[in-house]
Amino acid sequence: MGISYWVRDRIYHDINQLPYRPYGLVLGTAKYFKNNTLNLFYYNRLSAAEQLIKHHKVDYLLLSGDNRTMQYNEPQRMFKDLLKMGVPSQTMYFDYAGFRTLDSVIRADKIFNAQSLTIITQSFHCERALFIAKHYDLDAICFEADYPQGYTMVRIREFFARVQAVLDILLGKQPYFLGKPEPLPPPILPPYDQ
């Protein structure tokens with residue numbers, strides 16, 4: 001699909017090649033599958049986010065995900081697990097209304113004032129998120145989290161998600177919830193040239 005071609009130069013897998021951006025947007029997903037096995041998409045995104053903080057490729061992480069019930073809270077779960085991985089609490093912020101990729105990307109800009117950002121997710125998801133970011137003129141790149149082996153159904157689902165993303169752009173779809181701005185802290189200038 002054209003989306004892949006349009007954003008291919010904005011996706012990075014090698015952390016040494018990744019340019020600095022002040023903000024990292026971690027796109028949420030469930031920690032466990034319905035059969036109660038660990039969701040490696042989740043684990044790999046958090047591992048990638050941890051690397052970006054530790055290598056000073058981002059200053060802050062915006063944890064964006066669904067928060068529909070007291071028992072299901074993606075940003076809080078990511079925060080707790082990243083803390084266990086050694087990511088400092090003061091580098092993490094919450095977006096509780098990242099119900100869809102569109103919501104997460106637009107809210108990063110409109111609510112959190114994070115226009116220069118690195119999106120953190122798997123490559124297929126990077127492409128869709130970057131397509132949305134590019135449409136809204138965000139200075140966004142993506143750091144590709146590892147894709148677990150198998151999971152063919154995820155690729156099939158992604159086809160339909162991309163069709164929906166194009167429709168959303170054409171129809172001017174906006175996030176389910178915007179609210180008042182909550183700007184993230186200003187960038188910390190890195191002690192080295194990027």
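Any value given below was found using the heavy atoms of this structure, including those in side chains, with hydrogens, waters and symmetry copies removed. When a residue number appears, it is its place in the shown sequence, counting from 1.
We find the OG-CZ distance between S104 and F99 to be 9.5 Å, quoted to the nearest 0.5 Å. In this structure, OG in S123 is found 13.0 Å from CZ in R8, a value given to the nearest 0.5 Å. Expressed to the nearest 0.5 Å, how far CG of D103 lies from CG of D95 amounts to 8.5 Å. Rounded to the nearest 0.5 angstrom, L25 CG and L117 CG are separated by 6.0 Å. Atoms CG and CG, from L46 and D81 in turn, are 6.0 Å apart once rounded to the nearest 0.5 Å. Distance check, rounded to the nearest 0.5 Å: CG of L61 to OG1 of T118 gives 10.0 Å.
The backbone N or O of F33 sits nowhere less than 3.5 Å from a side-chain atom of T37 that would complete a donor-acceptor pair. In this structure a side-chain-to-backbone donor-acceptor pair under 3.5 Å is present from N39 to A30. Listed for the K57 side chain is a donor-acceptor partner under 3.5 Å among the backbone atoms of L18. A donor-acceptor contact shorter than 3.5 Å is absent between the side chain of N67 and the backbone of N73. With hydrogens and angles disregarded, a donor-acceptor distance shorter than 3.5 Å links the side chain of R45 to the backbone of L27. A distance-only check finds a donor-acceptor pair linking the side chain of Q122 to the backbone of D146 [under 3.5 Å]. Without hydrogens or angle criteria, H125 side chain to T121 main chain gives no donor-acceptor distance under 3.5 Å. Here the side chain of R10 pairs no donor or acceptor atom with the backbone of K134 at under 3.5 angstrom.
By the 30° and 60° cut-offs, the orientation of the rings of Y60 relative to Y93 is perpendicular. The aromatic rings of F41 and F124 stand perpendicular to each other, their planes meeting at an angle above 60°, with 30° marking the opposite boundary.
Side-chain contact, N44 with Y147: no donor N or O sits under 3.5 Å from an acceptor N or O. Side chain to side chain, D66 and Y96 fail the donor-acceptor criterion of an N or O pair below 3.5 Å.
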*Could you please spell out the steps behind the side-chain contact (heavy atoms from CB on, under 4.5 Å) verdict for M78 and Y42?*
CA-CA 9 Å; M78 289 191 281; Y42 171 90; 3.7 Å; yes
_Steps toward side chain to side chain donor-acceptor pair (under 3.5 Å) verdict (D139, Q115)_ = CA-CA 6 Å; D139 175 23; Q115 286 109 2; over 6 Å; no
*asked:* Using side-chain contact (heavy atoms from CB on, under 4.5 Å), reason through V58 and Y23 one step at a time and then give a plain yes or no.
replied: CA-CA 5 Å; V58 298; Y23 308 106; over 6 Å; no
_Set out, in order, the CA-CA distance, both residues' side-chain angles and the distance that settles side-chain contact (heavy atoms from CB on, under 4.5 Å) for S89 and L83, then state yes or no._
CA-CA 7 Å; S89 61; L83 271 182; 3.9 Å; yes
*How far apart are the C-alpha atoms of L62 and R107, what are their side-chain angles, what is the distance that settles it, and do they pass the side-chain contact (heavy atoms from CB on, under 4.5 Å) test?*
CA-CA 10 Å; L62 179 59; R107 284 176 54 81; over 6 Å; no
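With a 4.5 Å cut-off on side-chain heavy atoms, P181 and N113 do not count as touching. K31 is not listed as a side-chain neighbour of Y43, based on a closest heavy-atom distance of 4.5 Å or more. Taking the side chain as every heavy atom from C-beta outward, T101 and I132 approach each other to under 4.5 Å. Side-chain contact between I53 and L82 is absent, with no heavy-atom pair separated by less than 4.5 Å. Between M85 and S47 there is a side-chain heavy-atom pair separated by less than 4.5 Å.
Cluster annotation: L178 is connected to L138 through the hydrophobic network of ILVMFWY side chains, with a link wherever side-chain heavy atoms come within less than 4.5 Å. Grouping the Ile, Leu, Val, Met, Phe, Trp and Tyr side chains by contacts below 4.5 angstrom, directly or via other members, places L63 apart from F177.
The two residues I120 and A48 come nearest to each other via the heavy atoms CG2-CB, 3.7 Å. Minimum interatomic distance between P22 and S116 (heavy atoms only, all atoms of both residues): CD-O, 3.3 Å.
Between Y12 and F143, the distance separating the two ring centers is not shorter than 6.0 angstrom.
The number of heavy atoms from other shown groups lying within 6.0 Å of NZ (K173) does not exceed 12.
Among residues two or more places apart in sequence or in another chain, the side-chain contact (heavy atoms from CB on, under 4.5 Å) test is passed with E182 by I111, F112. For K34, the salt bridge (Lys or Arg N to Asp or Glu O under 4.0 Å) criterion is met by no residue, not counting sequence neighbours.
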